[in-house]
Amino acid sequence: MIDLRSDTVTVPADGMRKAMARAEVGDDVYGEDPTVNRLQDMVASLLGKRFALFVPSGTMANQLAIRSQTQPGQEIIVESTSHIVRYEQGAAGALAGVQLHWVPGERGIMNAEQVEAAIRPRDPHSIPTALICLENTHNAGGGTIYPLSTIEKIRTVAVRYGIPMHLDGARLMNAVAATTLPPAAYAQHFETVSMCLSKGLGAPVGSLLVSSDQQIIDRARRFRRMYGGAMRQAGILAAAGIYALEHHITRLTEDHTHAKKLARQLQQIPSVQVVPQHVETNIVIFQIADQRRSPAEIVAALKHEGVLINAIGGSSYRAVTHLNVSAKQIDEAGAVFARVLTL
Ligand code: TLP
């Protein structure tokens, strides 16, 4: 099976499993797991921040960022197709008690004028805007990279209004690999950054919330405990993360090459609409015009031929490349798409 549903499906490599088995561990709730502490230090310094907190998932990292920097009854600015809006089960409302102000981006990318227009005035009637959230790369936007110049402009607005910024950097390393910009070049503009080890980096579990603000990290640590995300001998998992950072960052460009190739293959199929130039990293979003079959039937027909993808609403589909899909499998998947989608 060629599994293109997500880069979350990656399984630990042999070297990673060995590193996990050998990991020195302690109780992380006491702050005594040396491997967790090493991973946290590594990621903090990679992003040019003072602190990092290891958490089980990207969703938890985003939610801790929101909870730690807002009060119930406030509002946060988010892009309308962002992960926080679509895929976190309403956690920002349910757990932090904040309201989401959706801003429609261009393939997930908001501009500074849009963000400024979404900031509420400070008057007796308006809800306070407490946080601005960006996502880089943008998942539903098709793995789009936030241009640094756009982030800088949004940051200028945020500073002018005194509003902190959070980056959902679940796939920040894909942006880093693609642009060769240092991670800190992005991170410097945000009070908090979340980063996932369990996507293209290939670790089985784990994300980090990163910040230079001690108070934010202290609050996030308390909420991590409240949300059930404080773990004990988590060094076993952190060791996988360290291995991922040491071995799997630069190779992400292979996934990007594969995604572009896949998009070019899909473009040859008359029923498929895709813009290969829009594929910037490892995510390909495309549309299929098929009057006879439902999205579920199309997904099932592809699965029957050995290729897994996700239907993501309407006539849109998503294919994600990752370290468990080889160049040869991309060609095989291309042939399956041509066979199943040629009407
Ligand atoms: N994304 C998953 C699904 O939840 C949709 C995927 O398959 O792409 N931020 C972004 C930008 C993400 O894409 C994801 C996962 C997360 C946060 C959440 O990470 P986890 O799954 O670890 O909670």
Side-chain angles (χ1 to χ4, degrees), residues 3-12 43 53-67 76 78-92 94-95 100 105 107-110 131 133-146 165-176 178 186-187 190 192-210 220 223-224 227-229 231 234 237-238 240-241 244 252 255 259 279-285 299 308-313 316-325:
D3 195 345
L4 301 171
R5 286 173 303 170
S6 182
D7 46 10
T8 60
V9 303
T10 46
V11 294
V43 174
L53 192 65
F54 187 49
V55 299
S57 69
T59 300
M60 189 178 289
N62 283 339
Q63 291 307 321
L64 294 179
I66 294 168
R67 183 71 185 261
I76 66 173
V78 285
E79 200 279 327
S80 49
T81 63
S82 63
H83 197 274
I84 289 170
V85 169
R86 280 197 176 177
Y87 302 122
E88 302 195 3
Q89 301 296 329
L95 303 178
L100 303 184
R107 288 187 290 122
I109 308 299
M110 302 181 285
L131 188 67
C133 301
L134 312 189
E135 186 176 310
N136 189 22
T137 65
H138 197 290
N139 179 352
T144 4
I145 300 171
Y146 245 101
M165 302 219 325
H166 168 65
L167 177 64
D168 177 349
R171 296 188 180 81
L172 180 62
M173 289 305 141
N174 290 84
V176 164
Y186 288 112
F190 298 88
T192 50
V193 180
S194 58
M195 199 193 100
C196 290
L197 303 165
S198 59
K199 310 282 175 303
L201 293 178
V205 179
S207 295
L208 291 112
L209 180 66
V210 188
F223 291 122
R224 179 183 69 169
Y227 292 0
M231 298 179 284
L237 302 174
L252 289 171
D255 302 340
V279 177
E280 299 177 40
T281 55
N282 68 328
I283 297 178
V284 186
I285 290 185
V299 168
L308 291 174
I309 60 165
N310 276 336
I312 57 165
S316 292
Y317 297 80
R318 185 184 78 157
V320 184
T321 57
H322 53 77
L323 85 175
N324 293 143
V325 178

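Remember, it's 1-based here, ligands and their atoms both numbered in the order they're listed.
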Q: Taking Glu135 for its side chain and Glu79 for its backbone only, find out whether a donor-acceptor pair lies under 3.5 Å.
A: no
Q.
Between His322 and Ser6, is there a side-chain heavy-atom distance shorter than 4.5 Å?
A. no
Q.
Tell me every residue that passes salt bridge (charged side-chain N to carboxylate O under 4.0 Å, His left out) with Glu280, counting only those two or more places apart in sequence or in another chain.
A. Arg107
Q.
With side-chain contact (heavy atoms from CB on, under 4.5 Å) as the criterion, how do His166 and Leu209 come out once you've worked through the C-alpha distance, each side chain's angles and the decisive distance to 0.1 Å?
A. CA-CA 10 Å; His166 168 65; Leu209 180 66; 4.2 Å; yes
What are the atom names and distances for all N or O pairs under 3.5 Å between ligand 1 and the protein?
| unit_1 | atom_1 | unit_2 | atom_2 | d |
| --- | --- | --- | --- | --- |
| ligand 1 | 1 (N) | His83 | NE2 | 3.3 |
| ligand 1 | 4 (O) | His83 | NE2 | 2.8 |
| ligand 1 | 7 (O) | Ser6 | OG | 2.7 |
| ligand 1 | 7 (O) | Arg318 | NH2 | 2.9 |
| ligand 1 | 8 (O) | Asn139 | ND2 | 3.0 |
| ligand 1 | 8 (O) | Arg171 | NH2 | 2.8 |
| ligand 1 | 8 (O) | Arg318 | NH1 | 2.9 |
| ligand 1 | 8 (O) | Arg318 | NH2 | 3.4 |
| ligand 1 | 9 (N) | Asp168 | OD1 | 3.1 |
| ligand 1 | 9 (N) | Asp168 | OD2 | 2.7 |
| ligand 1 | 13 (O) | Asn139 | ND2 | 2.9 |
| ligand 1 | 13 (O) | Arg171 | NH1 | 2.8 |
| ligand 1 | 19 (O) | Lys199 | NZ | 3.0 |
| ligand 1 | 22 (O) | Gly58 | N | 2.8 |
| ligand 1 | 22 (O) | Lys199 | NZ | 3.1 |
| ligand 1 | 23 (O) | Gly58 | N | 3.4 |
| ligand 1 | 23 (O) | Thr59 | N | 2.9 |
| ligand 1 | 23 (O) | Thr59 | OG1 | 2.6 |

Q | Set of salt bridge (charged side-chain N to carboxylate O under 4.0 Å, His left out) partners for Arg86, sequence neighbours left out | A | none
Q. Arg67: what forms a salt bridge (charged side-chain N to carboxylate O under 4.0 Å, His left out) with it, not counting sequence neighbours?
A. none
